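See structure below.
Side chains are part of it too, since the values below use all heavy atoms of this structure and drop only hydrogens, waters and symmetry mates. Convention: sequence-line order gives letters A, B, ...; per-chain numbering from 1. Only a predicted model underlies this, so the values are computations on that prediction, with no experimental measurement involved.
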Amino acid sequence: MAEIEQTDPDFEAARARADELTTRILDLRDAYYDRDESLVSDAEYDAMMHELEDIERAYPELAGQDSPTQTVGGKADSTLFAPIVHAERMLSLDNVFSIDEFREWAARVDRAVARPVRWLCELKIDGLAINLRYERGVLTSAATRGDGVTGEDVTENALRIPGIPKRLSGEGHPELVEVRGEVYFPVAAFEELNAEQVASGDRVFANPRNAASGSLRQKAEGKSAKDLDLMRRRLSRLKMLVHGIGAWPDPPVAAQSEVYGLLASWGLPTSDRARVADSIDGVAEFIEHYGEHRHSVEHEIDGVVVKVDELALHDELGATSRAPRWAIAYKYPPEQVQTKLLDIVVSVGRTGRATPFAVMEPVRVAGSVVRQATLHNQDVVKAKGVLIGDTVVLRKAGDVIPEVLGPVVELRDGSEREFVMPRECPECGAVLAPAKEGDIDLRCPNTKACPAQVRGRVEHIGSRGALDIEGLGEVSAIALTPPHGPLTTEAGLFDLTLEDLAMIEVGGERPYRKIVKQARRDAPAEYGPSAAAEELIAELDKAKTKDLWRFLVALNIRHVGPVAARALASYFGSLEAIRAASAAELAAVDGVGPIIAEAVIDWFTVDWHVEIVERWAAAGVQWAIEGHAGPGGASASAGGVLDGLTIVVTGTIEGFTREEAEEAILSRGGKAAGSVSKKTSFVVAGPGAGSKLAKAGDLGIRILDAEEFRTLLAEGPSGL
DNA sequence: CACCCTCGAGTTCA
DNA sequence: CTCGAGGGTG
């Protein structure tokens with residue numbers, strides 16, 4: 001900031017006028033965003049802005065970054081969601097899941113520093129992380145966390161959140177400061193919002209975090225006045241609490257807890273539930289207290305964040321590439337709730353397995369509304385001892401998959417009845433039977449024609465691990481197969497025409513056709529294929545040239561998934577060679593044993609299976625790897641830089657999709673494994689990495705970020 | 001034969 | 001994510 005000596009009287013007058021305009025414009029802007037009041041007409045506002053811009057053009061030194069012409073508000077909506085690079089990386093936190101794990105972590109910190117540690121305990125809000133950038137005390141941008149390096153610009157919407165100050169009050173703001181906080185929907189406001197959504201027939205949000213995230217991502221562009229008003233009302237119900245600050249070389253305070261005092265004095269909202277504990281026991285007490293009183297707080301809590309309070313120790317302890325070493329997130333155990341078991345229904349999957357699942361009164365567990373949960377098989381139903389009509393205990397295993405734990409026996413009133421596994425397939429009526437003697441699972445034997453199985457197989461063909469066909473998912477699988485569509489088996493998949501699709505009717509709708517011409521309102525309409533129909537046909541055509549292994553997966557051979565299929569494909573090179581192979585020859589492939597070999601041979605003995613191969617071939621499928629030398633021939637792993645290495649990918653890796661990352665590993669001779677074990681050579685981890693990362697840490701396996709992964713791919717392990 | 005590693009399958013929700 | 005089971009190894 002070079003201060004230029006200016007004594008020119010014109011300049012002084014301009015400066016005074018600019019200051020006046022700036023104050024006025026910012027006041028108007030506050031009124032507009034905070035209270036939805038337009039105190040002057042748009043034209044008057046624009047005139048003021050133009051005058052200010054003119055002055056700044058004449059005297060560029062007046063056009064500081066805190067000028068309204070440079071800052072936010074009134075910016076075009078199109079800047080919404082544009083990428084914003086955070087001035088300083090937003091780290092995530094490592095997790096612990098029990099008090100014992102927490103004690104271990106705390107003990108490590110204690111050992112690492114030479115003096116007694118004070119711990120700052122805060123509630124971990126289940127919301128959306130946000131980064132607010134203030135330049136000379138004026139809000140210049142608001143961004144989501146994104147991958148920690150780059151987030152999405154949500155400034156326009158953040159301005160509408162009441163708790164976010166557009167200007168900091170008080171004194172001593174740094175030139176540039178990034179304030180980190182959490183945007184959330186208070187539980188009460190969230191329930192209100194959902195009630196309104198129901199009343200207006202809109203979809204309800206599963207949890208406050210999704211509501212917050214959805215609200216922040218709304219676009220004003222193209223909305224009617226009424227919808228705009230709704231959108232603003234939603235944003236005005238959001239709240240924010242700050243919980244940190246980006247780089248600040250010389251803070252005027254010595255402890256994180258004091259930072260909050262300072263931030264509060266600037267007008268930023270801070271939590272009044274943070275506590276400093278002098279001992280690890282004190283922290284444990286805090287954790288226990290809120291474990292029992294999770295629901296007495298106005299927002300949802302998914303844990304407790306414990307930070308080393310003294311700022312000097314933050315520098316001393318430092319950070320890993322993804323998380324600081326001076327803070328940890330304690331995650332509460334998965335929440336358990338009670339709900340009513342309305343019914344136990346049986347569904348049939350693509351392999352014909354009949355799976356009973358619980359249909360429950362919808363209930364919120366650990367952040368989302370659950371209405372169904374699998375019960376695996378009839379033995380599990382018995383083992384859990386649940387009766388239809390029971391009140392049951394439900395939880396989310398690993399916070400994701402709903403699981404029925406068991407009945408609350410004392411709440412029974414005698415009206416409950418036992419679940420009886422049906423003898424017949426609920427979809428096609430065939431008599432269910434175990435696949436082989438002694439199997440617990442019952443299967444529908446009507447493999448070829450059972451609608452549930454055909455539907456399941458078609459969906460599977462389109463899935464990511466098989467042919468990865470866009471536009472062929474669950475919904476289209478239902479549409480394409482009986483009773484709606486023409487595919488009595490998957491053999492006809494590649495023979496589908498636009499005309500076939502146009503005939504399909506699901507629930508009174510015809511999803512694959514649209515009106516192309518209609519002379520008058522009452523005249524008969526002319527129909528043509530919809531965009532979805534064109535896309536599906538094009539994608540099917542594109543799929544015909546995909547790799548052999550994908551087609552093997554698409555055939556739905558038992559036990560043959562992506563891994564076994566890749567092994568078979570690269571060993572034999574063509575479907576013909578696989579078909580000709582004996583059980584012993586098949587079992588010679590690494591990863592294939594007698595059971596898989598038998599399953600492959602059995603598959604080819606069924607007429608309608610062979611028909612699939614023939615009709616797909618007639619439609620243009622190659623069933624071979626070009627230039628493959630034949631059985632035992634070219635193996636994919638000849639001399640890659642990753643030969644002999646097993647690599648596990650977890651989280652999102654910048655620059656790669658999961659598939660691309662795995663492909664990159666395989667194509668260089670490495671093995672892309674799904675889980676971490678002693679045999680794992682490296683774990684490549686990005687944002688969103690879960691338990692695999694922790695496991696890698698336990699086993700002392702080297703963890704690579706996206707950058708190091710690239711090096712590994714280019715140069716092999718010696719390059720690291 | 002006992003173990004550990006993997007894979008495959010089913011599953012939930014935004 | 002978790003379960004069950006196949007495959008491979010010691």
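- Pairs engaging residues 584-601 of chain A under the side chain to side chain donor-acceptor pair (under 3.5 Å) rule: Ser582(A)-Glu585(A) [sequence neighbours left out].
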Name the pairs: protein N/O against N/O of nucleotides 7-10 of chain C, kept only if under 3.5 Å.
from: dG7(C); atom 1: OP1; to: Gly593(A); atom 2: N; distance (Å): 2.7
from: dG7(C); atom 1: OP1; to: Gly593(A); atom 2: O; distance (Å): 3.3
from: dG7(C); atom 1: OP1; to: Ile596(A); atom 2: N; distance (Å): 3.1
from: dG7(C); atom 1: OP2; to: Ile595(A); atom 2: N; distance (Å): 3.3
from: dG8(C); atom 1: OP1; to: Gly591(A); atom 2: N; distance (Å): 2.5

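- Qualifying ring pair (Phe, Tyr, Trp, His ring centres under 6.0 Å) partners for His484(A), counting only residues two or more places apart in sequence or in other chains: none.
- No side-chain heavy atom of Val458(A) sits under 4.5 Å from any side-chain heavy atom of Arg350(A).
- With sequence neighbours left out, the side-chain contact (heavy atoms from CB on, under 4.5 Å) criterion links Val648(A) to Ala673(A), Val676(A), Thr680(A), Val683(A), Lys692(A).
- In this model, the phosphate group of dT12(B) is not approached by any side-chain N or O of Arg371(A) to a distance below 4.0 Å at OP1 or OP2.
- Between Arg558(A) and dG8(B) there is no side-chain N or O to OP1 or OP2 distance below 4.0 Å.
- Of the candidate nucleotides dT12(B), dT11(B), dG8(B), dT11(B) has the atom nearest to the side chain of Ser347(A).
- Annotation: salt bridge (charged side-chain N to carboxylate O under 4.0 Å, His left out) contacts of Arg237(A) (sequence neighbours excluded): Glu192(A), Glu196(A).
- By the side-chain contact (heavy atoms from CB on, under 4.5 Å) test, Ala358(A) pairs with Leu341(A), Met360(A), Leu375(A), Val404(A), sequence neighbours left out.
- Of the residues in residues 351-362 of chain A, those lying under 4.0 Å from DNA chain B by heavy-atom distance are Thr351(A), Arg353(A), Thr355(A).
- With sequence neighbours excluded, no residue satisfies side-chain hydrogen bond (donor to acceptor under 3.5 Å, both in side chains) with Thr605(A).
- Partners of Asn131(A) by side-chain hydrogen bond (donor to acceptor under 3.5 Å, both in side chains), not counting sequence neighbours, listed by chain and number: His86(A), Glu178(A), Arg180(A).
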